[in-house]
There are 2 protein chains.
Amino acid sequence: MWKRHRHSECIKEAISRAEKTCIARKCRLTPIRKKVLELIWKSHKPIKAYDLLAQLSSDNFTEKPPTVYRALEFLHENNLIHRIESQNAYIGCNADHDSFDSKFLICDKCNEVEELIEPKVNKALFEISKKQGFTPSLVNVEIHGTCSQCAQR
Amino acid sequence: MWKRHRHSECIKEAISRAEKTCIARKCRLTPIRKKVLELIWKSHKPIKAYDLLAQLSSDNFTEKPPTVYRALEFLHENNLIHRIESQNAYIGCNADHDSFDSKFLICDKCNEVEELIEPKVNKALFEISKKQGFTPSLVNVEIHGTCSQCAQR
DNA sequence: ATATGAGTGTTATAATATAACATACCTCTT
DNA sequence: AAGAGGTATGTTATATTATAACACTCATAT
Ligand SMILES: [Zn+2]
Ligand SMILES: [Zn+2]
Ligand SMILES: [Zn+2]
Ligand SMILES: [Zn+2]
């Protein structure tokens, strides 16, 4: 996001990463799962389940919701995508980060999302939690605002 | 949460706080809005819109969804409640904190939620965002895990 | 009293997600 | 090659969450 790049490379990298993950974890990147992951990456923004569904379907053929939700579940379990809670939408992840740590910058103008990879805040949040007697297992941070591109306009 | 307290006092305090807020902001805590706020506080956990709806309704009378969603919208705009995004549920707020800063400890066992009031992490996140050229307007942190009560069991 | 805006009632529908069960398809064993 | 067992998909139905649109009521301010 906000950096020029060959987006087709992102997608290739994501698929290749997914294939490796599946070998390592002994699970299968079936055609449906692969297609959903590709569509998520093509979108370049968080994409909603029913938009994926529409793109999966062709004129003479309609996929049903469970198809896409199952693929999303699989991809999520295997750390290949994230769900942006405040948008009910899904975005690809190409970073090797702890699965319990996710942080996003969400532009409310253009809707693009960038994942923040930064371990310190996570650590601080874990420590604060523990002080309260709470045992954290997962941290999700969603920061809304305006990206640099949109700020310039 | 996780601290013994007279919960009836929480509710009273919340209503009194809401009344003050409404005077200050020149808006109205109508009977519906007040009732919804009370029900949210009575729940003691995040509560869902349709559960509120059920509680608002009596045997011979059913409220409609817009009634509760409008009340929730009002309460949220006026910083009297928070929405827990990962649960599609709503919880009361009695803290005087910046409206753009909300952090929650969410116990996945008992479903109770505690709000964390702690300014440092927020500041750190703002700074990290700005370094990326992003102008933040709102931070939401949801930390899932196990509360001390549930850990003991 | 009457105009104005805020609040509520009502109907309908949109958007998001899952349950349940049937069928197909891999992969391993024999 | 046949069968068993598990994984994945197809299919139907339904649950859950949320909003649009328009009519009506009510407070209150001039
Ligand atoms: Zn990630
Ligand atoms: Zn933007
Ligand atoms: Zn709060
Ligand atoms: Zn608990």
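Proteins get letters first, then strands, A, B, ... in listed order; numbering begins at 1 in each.
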> Whether Arg83(A) and Glu85(A) form a salt bridge (side-chain N of Lys/Arg under 4.0 Å from carboxylate O of Asp/Glu) is what I want to check.
yes
> Of all heavy-atom pairs between Asn78(B) and Thr21(B), which one has the smallest distance, and what is that distance?
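The pair with the smallest heavy-atom distance is O-CG2, 4.0 Å.
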> Round to the nearest Å and state the distance from Glu77(B) atom CD to dA6(C) atom C1'.
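Taking CD of Glu77(B) and C1' of dA6(C), I get 13 Å after rounding.
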> For every nucleotide of nucleotides 11-30 of chain D, 5' to 3': is a protein heavy atom under 4.0 Å from its base (B), only from its sugar-phosphate (S), or from neither (-)?
BB----BBBBB---------
> Using atom CD1 of Ile47(A) as one end and atom P of dA17(C) as the other, report the distance to the nearest whole Å.
13 Å
> Counting only side-chain nitrogens and oxygens, does Thr30(A) get under 4.0 Å of the OP1 or OP2 atom of dT7(D)?
no
> Tell me the interatomic distance from Lys26(B), atom NZ, to dG5(C), atom P, rounded to whole angstroms.
17 Å
> Separation of Arg33(A) atom CZ from dG10(D) atom P, in whole Å?
12 Å
> Please give me the minimum heavy-atom distance between Ser86(A) and Ile106(A), naming the atom from each residue.
OG-CD1, 3.8 Å
> Would you work out how much the helix from dA1(C)-dT30(D) to dT30(C)-dA1(D) bends between its ends, with each end axis defined by five base pairs, to 10 degrees?
20°
> Are Lys34(B) and Pro31(B) packed together at the side-chain level, in the sense that at least one heavy-atom pair is separated by less than 4.5 angstrom?
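A side-chain contact is absent here, since even the closest heavy-atom pair is not under 4.5 Å.
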> Using whole Å, what does the distance between atom P of nucleotide dT8(C) and atom NZ of Lys35(B) come to?
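Computing the Lys35(B):NZ to dT8(C):P distance gives 15 Å.
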> Atom CG of Leu53(A) to atom P of dA17(C): distance rounded to whole Å?
12 Å
> Can you classify the ring geometry of Phe104(B) versus His82(B) as parallel (below 30°), tilted (30 to 60°) or perpendicular (above 60°)?
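It falls in the perpendicular class, over 60°.
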> Nearest-Å distance, CD (Glu73(A)) to P (dT7(D))?
14 Å
> Can you classify the ring geometry of Tyr50(A) versus Tyr69(A) as parallel (below 30°), tilted (30 to 60°) or perpendicular (above 60°)?
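Taking Tyr69(A) first and then Tyr50(A), their aromatic rings stand perpendicular (interplane angle over 60°).
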> Can you find a pair of side-chain heavy atoms, one from Leu125(A) and one from Val141(A), that are under 4.5 Å apart?
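Yes, at least one pair of side-chain atoms sits under 4.5 Å.
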> Please report the distance, rounded to the nearest Å, between CD in Glu85(B) and P in dA17(C).
12 Å
> For Glu77(A) versus Arg25(A), what's the shortest heavy-atom pair and its separation?
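Between these two residues, the closest heavy atoms are O-NH1, 3.4 Å.
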> Between Phe100(B) and Phe126(B), how do the two ring planes meet: parallel, tilted or perpendicular, split at 30° and 60°?
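Phe100(B) vs Phe126(B) ring planes: tilted.
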